[in-house]
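Data block below; observations after.
Every value quoted in this text rests on a predicted model; they were computed, and no experiment measured them. Counting convention: from 1, in listed order, for ligands and their atoms alike.
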Amino acid sequence: MTSRKGTISVNTNDIFPIIKKWLYSEHDIFLRELTANATDAITKRSTLARTLNQEIPTGKITVTVNKAEKTVSIEDNGLGMTEAEVEKYIAQLAFSGAQEFVDKMKEAGNTPSSDIIGKFGLGFYSAFMVSTKVEVESLSMQEGSVPTKWICEGETDYSFEDSTKTEVGTKITLHINEESIEFLNAWHVSTTLKKFCDFMPYEIWVKDAEAVEESANPGLVNETQPIWKKDVATLTDADYKEFYKKQFPMDGDPLFWIHLKVDHPFTLDGVLFFPKLNPNKPFNESNIKLYNKQVFVSNNVKDIVPEFLSLLKGSIDSSDIPLNVSRSSLQGDPNIKKISNYIIKKVAESLKKLFNNDRARYETIWEDISLFIKYGAISDPKFDEMMRDFVIFKNSEGKFVTLNEYKESIPEAFKTKMEDKVLYFEKGKSDHALRKELLANGLQAIETESYIDPHFTQHVEFTKRGDNAFKFVSVDSEIATLLEQDATTESDIRVKDLFTNILIGKTEHGAHTEEEEDADSLNHGGLKDIEIVKIKNSTSPAYFKVDEQMKRMNQMAKNMGTDHMFPIKKTLVINPGSPIIQNALKLHEKGNDALVKKICHHVEDLAHISSEGLKHEDREAFVNRTQELMQELTNLAL
Ligand SMILES: Nc1ncnc2c1ncn2[C@@H]1O[C@H](COP(=O)(O)OP(=O)(O)OP(=O)(O)O)[C@@H](O)[C@H]1O
């Protein structure tokens, strides 16, 4: 069989309606495309004027809505087009004069303005998505040019007419179709333009042709000098705060911000703000706006800003992020990965700088930023590498420490026993008395948050960064092995039997099957075992110890929304050295078992109160018992 080559033929009559319909998913994009073209035309005029040493008027774009005539016009004072140019640039689909301009400037040895937006030669056709007819009236800046008017009614045919235009520039008039009449409302046009063009570099004015008074016009739409384009050295804290306030009027001041500026190997300007988190406000993912040369592209920055930084607010402007291309193709774009890595690095560096230069401020904002830093460390190895040494925890004395600082703070006498251990207590849960006990021996413990820290601590244990390894152990499970204990005596064993008898209902040597133990643990609010630990000099009567592994699994299950999937093994640790416990044993030996029973239950309840708190169903018994004990005590005192 002989081989044969061919070329796919395209019928322009068929392709035109497809482009009109499918070019963009949202119809209001035409306003962005036509103002972007007008912006390009002004930039080109000023670039050429500079090389020709010409004076030109300040760039301005005027959008006029005429309800009676059913038109919207976009007029600029850019470089304009001759009839031949209109035919070449406008009437040729997918031929970009913007790209040709950049190439020509390069050829002539001039540096083309990097501010040209157009690239594909398609944007103009978005006008047909909302129009039955489009007119382009233009007067070129070239010497001796005559004005021209191009008319196209949405088919592949077009015509030229004479024009009376006297000012250099272009006016595009759209005859709005029936499906798009919302664009015949000047305020709607203004709002749409605000969305896309709020930081375009030239002034955009919206006028209502029917407005009698100037004040009835929506007026100026944009701010031509966004903060991210300004020189960092000239900006003050107040400038950043003012910009933030304008963008997010419902928020308070931002905690901290990062000004992004890079020219090579990609271009990127932007400011990212760390907001003060409001737990009552639902998290809104679209707080970072993406721009391309000051033209709004999207507030979907998913591929550019890593998920863990999506709590930040602000703007990113990069000409290396395509305007017209669908978002799905962003993922494969090598520049996007580079930009994303740069942002991660810059965020980490800025936090590091704040930590080193102003630790007090870093600590003040820590509560608001800790969640995403820990989440970032878990989800991004590079961020983890950069930030691990700057994650801080509150210690038993309320001071913030890094994990390395924690390690250094361990007294010499405990260094061997502690090895890589980090003692922790859960915020609002762990036994205060135990912390005091440890602190009296010079040992600090760090406070952990129930939401992120079960994951973060596990991550730190499994991924070592730097020289130090860490193993997190809760104060209740570790205190007995750390602090010196007195030897167990015969009477201590009797204490254990007494408590086991009263609180579990069986002595040490009673029959225990697995099933019975599980049932017990549920019936006794998780209490499964009683232990005695006689810590030297300690007077507190008892505390709860929870198996470390179970504690973590339960916390994670809870965070995932499954409440208490399995029973927790809780051990009530009794300190026979405590005077209350010794008295209870003496009363038992004297036969006052009614009172002893109350004391034993009270000791258990107190241990609950100082760890996780009393369960609702145990509260009534506790209150009744407290009243009875107080009654007995006051009777005795009388
Ligand atoms: N207002 C205008 N003033 C002068 N020239 C214009 C104007 N609008 C369009 N043009 C010319 O028409 C060309 C085609 O415009 P079109 O919007 O289709 O594509 P583009 O801007 O080059 O690229 P993109 O598809 O990325 O927008 C432009 O490159 C420009 O040369």
Are any of the N/O atoms on [X], whether in the backbone or the side chain, positioned under 3.5 angstrom from an N/O atom of ligand 1?
X      : value
Asn37  : yes
Asp76  : yes
Gly123 : yes

Using a strict 4.0 Å cut-off to heavy atoms of [X], name the atoms of ligand 1 that fall inside it.
X      : result
Lys44  : 30 (C), 31 (O)
Phe124 : 16 (P), 17 (O), 18 (O)
Glu33  : 27 (O)

> Tell me the side chain to side chain donor-acceptor pair (under 3.5 Å) pairs involving residues 205-221, sequence neighbours left out?
Replying inline: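 Every side chain to side chain donor-acceptor pair (under 3.5 Å) pair that includes a residue of residues 205-221, provided the two are not neighbours, is Glu203-Trp205.
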> Tyr362 pairs by ring pair (Phe, Tyr, Trp, His ring centres under 6.0 Å) with which of Phe256, Phe274, Phe355?
Replying inline: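 Of Phe256, Phe274, Phe355, ring pair (Phe, Tyr, Trp, His ring centres under 6.0 Å) with Tyr362 is met by Phe355 alone.
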> If only atom types and distance count, is the side chain of Ser131 paired as donor or acceptor with the main-chain N or O of Phe128 below 3.5 Å?
Replying inline: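 No, because the side chain of Ser131 does not come within donor-acceptor range (under 3.5 Å) of the backbone of Phe128.
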> Distance under 6.0 Å and angle within 45° of the ring axis: does Lys352 meet both against Phe390?
Replying inline: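 Relative to the ring axis of Phe390, which defines the angle, Lys352 lies outside at least one limit.
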Identify all side-chain donor-acceptor contacts of residues 54-70 below 3.5 Å with residues at least two apart in sequence or on another chain.
| from | atom 1 | to | atom 2 | distance (Å) |
| --- | --- | --- | --- | --- |
| Asn66 | OD1 | Ala68 | N | 3.2 |
| Asn66 | OD1 | Glu69 | N | 3.0 |

